[in-house]
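In what follows, every chain begins at residue 1, and chains take the letters A, B, ... in the order their sequences are listed.
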2 protein chains.
Amino acid sequence: MEDIIAKLREHGIGLTPQRIAVAQVVLRDRSHWSADEVWQLVQQRLPTVSRATVYNNLNLFVAKHLLKEQILQGGHVVFDSCVEPHHHFLDEQTGQIHDVPWEAVRVETHDALGDFEVRDYQVIMRGRRRNH
Amino acid sequence: MEDIIAKLREHGIGLTPQRIAVAQVVLRDRSHWSADEVWQLVQQRLPTVSRATVYNNLNLFVAKHLLKEQILQGGHVVFDSCVEPHHHFLDEQTGQIHDVPWEAVRVETHDALGDFEVRDYQVIMRGRRRNH
DNA sequence: ATCTCAAATTATACTATATCTAAATTTAAA
DNA sequence: TTTAAATTTAGATATAGTATAATTTGAGAT
């Protein structure tokens, strides 16, 4: 709980019970959360929390760089607690998205880019994950 | 009109007035179309066309490789008449997405990928486009 | 040419996701 | 304690997409 509070403060986010509850959910182990998943879990701790509040706070956390918004296949939005740069691997069989370490992929661009000044990039890979 | 019909046939798509109208819109000059944009334009030619029909046919065209589905920032889905492999550049100032030639970017992967067998990839670049 | 019928396709109605609005409540500073 | 600003709530609305019922298509039989 103290960790969470410290983290919110570090990111310039004011404290409310709703925000603490949302942060407790999204900063847990799993790294990709849909808004509705978060809402359902937060409701267990705070039954009166409204859906709009969850959405508002998730988007605030993105704006304050506590989370990153990621787009899955089909346009579904999830919130990612890993804000460090990383790439994504989409397992086409399971539909699962996995984080790939930044250094695992090297990207070089050529002059053919022309007018585009690249500030940031991310590689989306598709394929399958070998059986464990 | 004949071009459109030939194209639909090549891709194994049966002919209906609705499909011809949708194809006429999306195979025009601009390369990224939202479903609702398509619907509005198609309605001008076929006022009874339903939204579901437009969605159904856009998704069919993707399935038959006449179009490619692309996900924009925020999870918005657009349909792209350029089905050749290409990368994307998102202009952060205008929110516009631009196609980048495949060869303009080279990607190498390393062992750190581990379990992931990459079949396909795409690079999403962000930045700005120099003034014209 | 016409009819039949199953499959394909479209339209109607419904659902999912996300955001807006105004009122109510809480926060944080004085 | 007060107060202004921030935040949440509850309900409505916007955006996007889909399920199901209705209609059309296409092939084969007559």
B:Phe61 ring center near B:Trp33 ring center (under 6.0 Å): no
Duplex segments of DNA chain C, taken as runs of at least three Watson-Crick or G-U pairs that stay under 3.5 Å: C:1-30 with D:1-30
Integer-rounded Å distance: D:dT18 P and B:Glu69 CD: 9 Å
Atom pair distance, as rounded to whole Å: CG in B:Asn57 and C1' in D:dT24: 13 Å
Under 4.0 angstrom between B:Arg19 side-chain N/O and C:dA8 OP1 or OP2: no
Contact summary for B:Gly74 and A:Val77, nearest pair of heavy atoms: O-CG2, 3.6 Å
Within the 6.0 Å centroid threshold, strictly below: B:His32 and B:Phe79: no
Reading 5' to 3' through nucleotides 15-26 of chain C, protein heavy-atom contacts under 4.0 Å coded B for base, S for sugar-phosphate only, - for none: --BBBB------
B:Leu15 CG - D:dT24 P separation (whole Å): 17 Å
Distance, rounded to the nearest Å, where A:Ile5 contributes CD1 and C:dA28 contributes P: 11 Å
Spacing between A:Leu72 atom CG and D:dG17 atom P, to the nearest angstrom: 14 Å
Any residue of residues 41-49 of chain A with a heavy atom less than 4.0 Å from an atom of DNA chain D: A:Thr48, A:Val49
side-chain hydrogen bond (donor to acceptor under 3.5 Å, both in side chains) between A:Asp99 and A:His88, intermediate numbers included: CA-CA 5 Å; A:Asp99 292 347; A:His88 279 134; 3.1 Å; yes
Salt-bridge criterion met for B:Glu117 and A:Arg130 (N-O under 4.0 Å): yes
B:Asp36 and B:Arg51 ion-paired at < 4.0 Å: yes
Parallel, tilted or perpendicular: rings of A:Trp102 and A:His87 (30°, 60°): parallel
A:Arg119 atom CZ, over 12 foreign heavy atoms within 6.0 Å: yes
Distance, rounded to the nearest Å, where A:Ile13 contributes CD1 and C:dA28 contributes C1': 17 Å
Residue-phosphate contact under 4.0 Å: A:Thr53 side-chain N/O, D:dT9 OP1/OP2: yes
Heavy atoms from other residues, nucleotides or ligands near CZ of B:Arg45 exceed 12 (cutoff 6.0 Å): yes
A:Arg106, CZ: over 12 other non-hydrogen atoms inside 6.0 angstrom: no
Verify same cluster id: A:Phe116, A:Tyr121 (apolar side-chain graph, 4.5 Å): yes
Whole-Å gap separating C1' (D:dT25) and CD1 (B:Ile20): 13 Å
